[in-house]
There are 2 protein chains.
Amino acid sequence: MVSALKYKYRNIGFKLTPQRIAILDYLEGNTGHPSAEDIYNAVAKKFPTMSLATVYTTMGALREKGNVLELKVDPDKKRYDPNTAKHNHVICISCKRIFDIPAAGSIDLPDSLTGVFSVLESYVEVRGLCLECQTVNAKK
Amino acid sequence: MVSALKYKYRNIGFKLTPQRIAILDYLEGNTGHPSAEDIYNAVAKKFPTMSLATVYTTMGALREKGNVLELKVDPDKKRYDPNTAKHNHVICISCKRIFDIPAAGSIDLPDSLTGVFSVLESYVEVRGLCLECQTVNAKK
DNA sequence: ATTAATGCAAACACTTTGCAATGGA
DNA sequence: TCCATTGCAAAGTGTTTGCATTAAT
């Protein structure tokens with residue numbers, strides 16, 4: 001991790017421990033939408049004593065600071081996304097991989113809600129089959 | 001429950017017990033997106049011995065037959081929707097209520113995925129504040 | 001020196017499962 | 001009668017919390 005980044009985190013009151021730096025390094029540019037366990041497995045290589053609880057509390061702290069997103073795309077477990085820019089997801093229902101897509105335009109509310117419901121954010125999820133899984137399924 | 005409906009369920013191999021009929025009656029036209037516990041609480045009034053396990057297995061069976069949708073809108077618990085027609089959801093982040101909205105039109109995929117990813121379904125979720133919660137917040 | 005993070009274990013919430021008893025078809 | 005459903009309790013997941021120890025600032 002570059003020192004400018006360290007500076008930034010210390011400035012927002014986020015204490016940088018070696019474990020946290022390892023987590024942040026793992027997350028940097030990671031587009032795989034890892035679960036807590038994914039993160040744990042990756043970081044535990046460097047820190048055999050690392051615990052899942054630390055991953056959870058660290059990710060919770062990062063989310064509070066607005067540095068990661070907690071995705072609920074996967075109903076079974078949380079997934080984290082270091083890309084906090086507005087974007088949406090495409091999910092392959094076969095291999096479960098999640099791909100990023102740019103944010104969609106505005107969503108039209110039905111008349112009954114227009115001007116009544118104040119929209120803060122909208123989220124689009126597309127489900128289908130990725131190229132690899134289409135190929136595999138075709139062979140069957 | 002009307003007998004035509006009973007006929008339909010028996011025909012698809014769904015054995016109708018009194019508990020199941022009570023669940024189906026509770027679900028009929030229900031737009032509140034109830035959780036398993038909501039359903040349990042409602043039906044337990046008639047059946048004091050009713051168990052949550054029965055609700056879960058029944059809902060699982062109904063989902064398999066395509067008679068309810070399992071929503072993952074709420075990251076903490078499953079919610080069920082007897083409205084299996086294509087539609088989307090508006091969620092109030094304050095009171096957590098979920099409102100139905102008609103399905104949106106097609107979603108544009110980025111060029112990199114067009115013709116590569118085969119879209120099966122898309123889902124839109126809008127988050128914001130409902131009228132009541134806007135009013136309450138304004139008073140504070 | 002302060003104060004917060006670590007990491008273990010225990011607690012938690014939601015959901016699923018094993019199984020004997022029950023009751024639809 | 002036959003086989004699925006019930007409902008209890010126990011097990012299973014993923015996540016959170018209490019707390020003494022450790023370490024960052």
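Every chain is numbered from 1, with letters handed out A, B, ... down the list of sequences. Below, each value reflects all heavy atoms present in this structure, side chains not excepted, and no hydrogens, waters or symmetry copies.
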Check the phosphate of C/dA9 against A/Ser51, side-chain N and O only, distance under 4.0 Å to OP1 or OP2. Yes or no?
no
Decide yes or no for B/Thr54 and B/Phe47: does some side-chain heavy atom of the first lie under 4.5 Å from some side-chain heavy atom of the second?
no
Does any donor atom in the side chain of A/His33 or A/Asp100 lie under 3.5 Å from an acceptor atom in the other side chain?
yes
From CD1 of B/Ile23 over to C1' of D/dT5, roughly how many Å is that when rounded to an integer?
11 Å
Note: for B/Pro18 and A/Thr49 on DNA chain C, the residue whose nearest nucleotide lies more 5' is A/Thr49
Please find the pair of heavy atoms, one from B/Gln134 and one from B/Leu129, that lie closest to each other, and give the distance.
NE2-O, 2.9 Å
Plane angle bin for A/Phe99 and B/Phe117 - parallel if under 30°, tilted between 30 and 60°, otherwise perpendicular
perpendicular
Can you find a heavy atom in the side chain of B/Arg79 that is under 4.5 Å from one in the side chain of B/Leu69?
no
Walking DNA chain D from its 5' end, the first of B/Phe14 and A/Glu70 to be reached, judged by nearest nucleotide, is B/Phe14
Think B/Gln19 has a side-chain N or O under 4.0 angstrom from the OP1 or OP2 of C/dG23?
no
For B/Arg127 and B/Glu125, what are the C-alpha separation, side-chain angles and deciding distance, and is it a salt bridge (charged side-chain N to carboxylate O under 4.0 Å, His left out)?
CA-CA 7 Å; B/Arg127 295 177 175 270; B/Glu125 215 175 273; 2.7 Å; yes
In whole Å, what is the span from the CD1 atom of B/Ile21 to the C1' atom of D/dT6?
15 Å
On the nucleotide C/dA25, are OP1 or OP2 found under 4.0 Å from the side-chain N or O atoms that B/Arg10 carries?
yes
Compare side-chain N and O positions of B/Lys78 against OP1 and OP2 of C/dT16 and report whether any pair is under 4.0 Å apart.
yes
Which part of the nucleic acid, if any, lies within contact of B/Thr54, taking any heavy atom under 4.0 Å across all strands shown: a base, the sugar-phosphate backbone alone, or nothing?
base
Atom-pair distance (CE on A/Met50; P on C/dA9), nearest Å
17 Å
Would you say B/Thr17 places a side-chain N or O within less than 4.0 Å of OP1 or OP2 belonging to D/dT6?
yes
Length of the line joining B/Asp74:CG and D/dT15:P, which is rounded to integer Å:
14 Å
Can you tell me the distance, in whole Å, between the NZ atom of A/Lys72 and the C1' atom of D/dT15?
17 Å
Would you kindly give the CE-to-P distance between B/Met59 and C/dC14, to the nearest whole Å?
17 Å
A/Ser35 near the nucleic acid: base, sugar-phosphate alone, or nothing, with a heavy-atom cut-off under 4.0 Å?
nothing
Taking CD in A/Glu28 as the centre, count heavy atoms belonging to other residues, nucleotides or ligands within less than 6.0 Å. Is the count above 12?
no
To 10°, what angle do the rotation axes through the five end pairs on each side of the helix from C/dA1-D/dT25 to C/dA25-D/dT1 form?
40°
Output the single nucleotide from C/dT6, D/dT15, D/dT6 whose closest atom is nearest the side chain of A/Arg20.
C/dT6
Whole angstrom is fine here: how far is it from CG in A/Leu52 over to P in C/dC8?
11 Å
Tell me whether A/Met1 shares a hydrophobic cluster with A/Ile23, the cluster being built from Ile, Leu, Val, Met, Phe, Trp, Tyr side chains joined at under 4.5 Å.
yes
Toward the 5' end of DNA chain C, which comes first, B/Thr57 or B/Lys77, by nearest nucleotide?
B/Lys77
Measure from NZ on B/Lys15 to P on C/dA25 and round the result to the nearest Å.
7 Å
